[in-house]
Amino acid sequence: MGYLKQFPNKEGYFGDFGGAFLPPQLVPHFKEIGEAYERIAVDSSFIAELRYIREHFQGRPTPVQHAKNLSEKMGGAQIYLKREDLNHSGAHKLNHCMGEALLAKFMGKKKLIAETGAGQHGVALATAAAYFGMECEIHMGEVDIAKEHPNVIRMKLLGAEVVPVSFGGKTLKEAVDSAFMAYLEQADEAIYAIGSVVGPHPFPKMVRDFQSVVGFEARDQFQAMTGLDPDHVVACVGGGSNAMGLFSGFLDNEDVKLYGVEPHGKGSELGQHAATITYGHPGEIHGFKCLVLTDDKGEPAPVHSIASGLDYPGVGPEHSYLHTIGKVNYGSASDEETLKAFYALSKYEGIIPALESSHAVAYAMKMAPAHPGESILVNLSGRGDKDIDYVTENFGFGEDFSL
Ligand SMILES: *Cc1c(COP(=O)(O)O)cnc(C)c1O
């Protein structure tokens, strides 16, 4: 039996990680979602509609590009990019948001509820809601609302209601609590849509399955281009959805080495990075077991990354498991290495990448010189339009980051 069919088990465990630790009132609702998903995932009308959406709305398949100029510049391995930045709305997130919204439609729900940090998940979900003519309620901390103005505007244009969260630190953690409470009150007509391979079962499995299209496409495209499988496959890891998507195409192939790249931020001290797998310990966060970065009181630690989509003190349970069994190698890229990759891909390939994705590119650039004659396939999870003001205001046009 293939890896994807074996994991997770019925209770949502990947080895010791995963599960669902919920307030009692939410247990029946998550059970309802899990059962509906198992039924619908093999339903031919669901599969056909998702395929139609992938092709005619999202613009899939996204291409695989041979980054010839960058490869030549680095000397060594040939670097290839899976262009999820060309997926509609500019990143891989729409792959699972369209899946979750379609599930909601099949369950007869009228509304999508979620939290968002920097706003990327909120925009993708609002996009899905608009497509299906559903209501959408996005909970967002007031601090993030002030910081991420363009994404707030996008969500509103797409017809979503943005609910400001004004308690506690007014950021992602409080937004999660607020969204959970709102869901509890509206669970009959609404579905909660998680933004990565995190959260209580069945979300890590469902989101992975919806993202697996990335890996299945990339495997066939790479074969068609080169007649071979890639030697190395690289993706950045925040919660871990774009990485699980790409890895899904290669987990049963023992010859392909897999790498997850975490943000090493400004350094190895707690609070300076968000390298959860590198420095974390088994624990529980937001209703599931995974590796967690904790402070000396055992609470989720403050985290930092130049890429706001990667700064989470937990990580998907499946990544925690794949690390423990040694199936995937987890490394990291610092803010500085990431900026170097951001400028290099812009200048040498004509692609302005998201800062999240730039972590994966940075890792491939570090690897390339040591692997001449081999190939590295990188998930370019999103485009960098959202990051250009921040990057140029703080670091100029890359004079200090040339190769
Ligand atoms: C949100 C985001 C990520 C991080 O999420 P994962 O679940 O780890 O994939 C990575 N890249 C981009 C472009 C994003 O928007």
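Remember, predicted model here, so these are calculated numbers, not experimental data. One is the number of the first residue; the rest follow in order along the sequence. Both ligands and their constituent atoms are indexed starting at 1 by order of listing.
- When hydrogens are left out, the protein atom nearest atom 15 (O) of ligand 1 is Lys93 NZ, 2.6 Å; that is the closest non-hydrogen contact.
- Considering backbone and side-chain atoms together, Gln120 places no N or O closer than 3.5 Å to any N or O of ligand 1.
- Counting atoms of ligand 1 from 1 in the listed order, those under 4.0 Å from a heavy atom of Cys236 are 10 (C).
- Leu184 is not listed as a side-chain neighbour of Met181, based on a closest heavy-atom distance of 4.5 Å or more.
- Which parts of ligand 1 touch Asn242 is read off a 4.0 Å heavy-atom cut-off, strictly below it: atoms 6 (P), 9 (O), 10 (C).
- Within the listing of ligand 1, atoms 13 (C) sit less than 4.0 angstrom from a heavy atom of Ala354.
- Heavy atoms from both the backbone and the side chain of Ser241 come within less than 4.0 Å of ligand 1.
- Between Phe57 and His88, the ring center distance clears the sub-6.0 Å criterion.
- Note on ring orientation: taking the six-membered ring where Trp is involved, the planes of Tyr37 and Phe210 are perpendicular (angle over 60°, cut-offs 30° and 60°).
- Looking at His121 against ligand 1, nothing comes within 4.0 Å, counting heavy atoms.
- Remark: aromatic rings of His273 and Tyr279 are close, center separation under 6.0 Å.
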Passes ring pair (Phe, Tyr, Trp, His ring centres under 6.0 Å), Phe17 versus Tyr13? Steps please.
-> CA-CA 6 Å; Phe17 301 103; Tyr13 279 90; 9.2 Å; no
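- Under the 4.5 Å side-chain criterion, counting only non-hydrogen atoms from C-beta, Ile191 is not in contact with Ile113.
- Considering Gly240, Ser89, Ser381 only, the shortest heavy-atom separation from atom 13 (C) of ligand 1 involves Ser381.
- Under the 4.5 Å side-chain criterion, counting only non-hydrogen atoms from C-beta, Lys386 is in contact with Glu356.
- For the pair Gly239 and ligand 1, the shortest N or O to N or O distance falls below 3.5 Å.
- Atoms CG and OG, on Leu345 and Ser357 in that order, are 9.0 Å from each other to the nearest 0.5 Å.
- Ring pair Tyr259/Tyr363 is tilted by interplanar angle, where 30° to 60° counts as tilted.
- For the side chain to side chain donor-acceptor pair (under 3.5 Å) with Ser178, the qualifying choice from His139, Lys173, Glu115 is His139, the only one to do so.
- Close approach of ligand 1 to Gly309 is summarised as follows: ligand atoms under 4.0 Å from at least one heavy atom of the residue are 4 (C).
- The N/O atoms of Gly238, backbone and side chain alike, include one that comes under 3.5 Å of an N/O atom in ligand 1.
- Those atoms of ligand 1 with a heavy atom of Gly382 less than 4.0 angstrom away are 13 (C).
- When the heavy-atom distances from atom 5 (O) of ligand 1 to Glu84, His92, Glu356 are ranked, the shortest goes to His92.
- Taking distance alone, with nitrogen or oxygen atoms compared against 3.5 Å, Lys386 stays at or beyond that limit from ligand 1.
- Every atom of ligand 1 with a heavy atom of Ser196 under 4.0 Å away is listed here by number and element: 6 (P), 7 (O).
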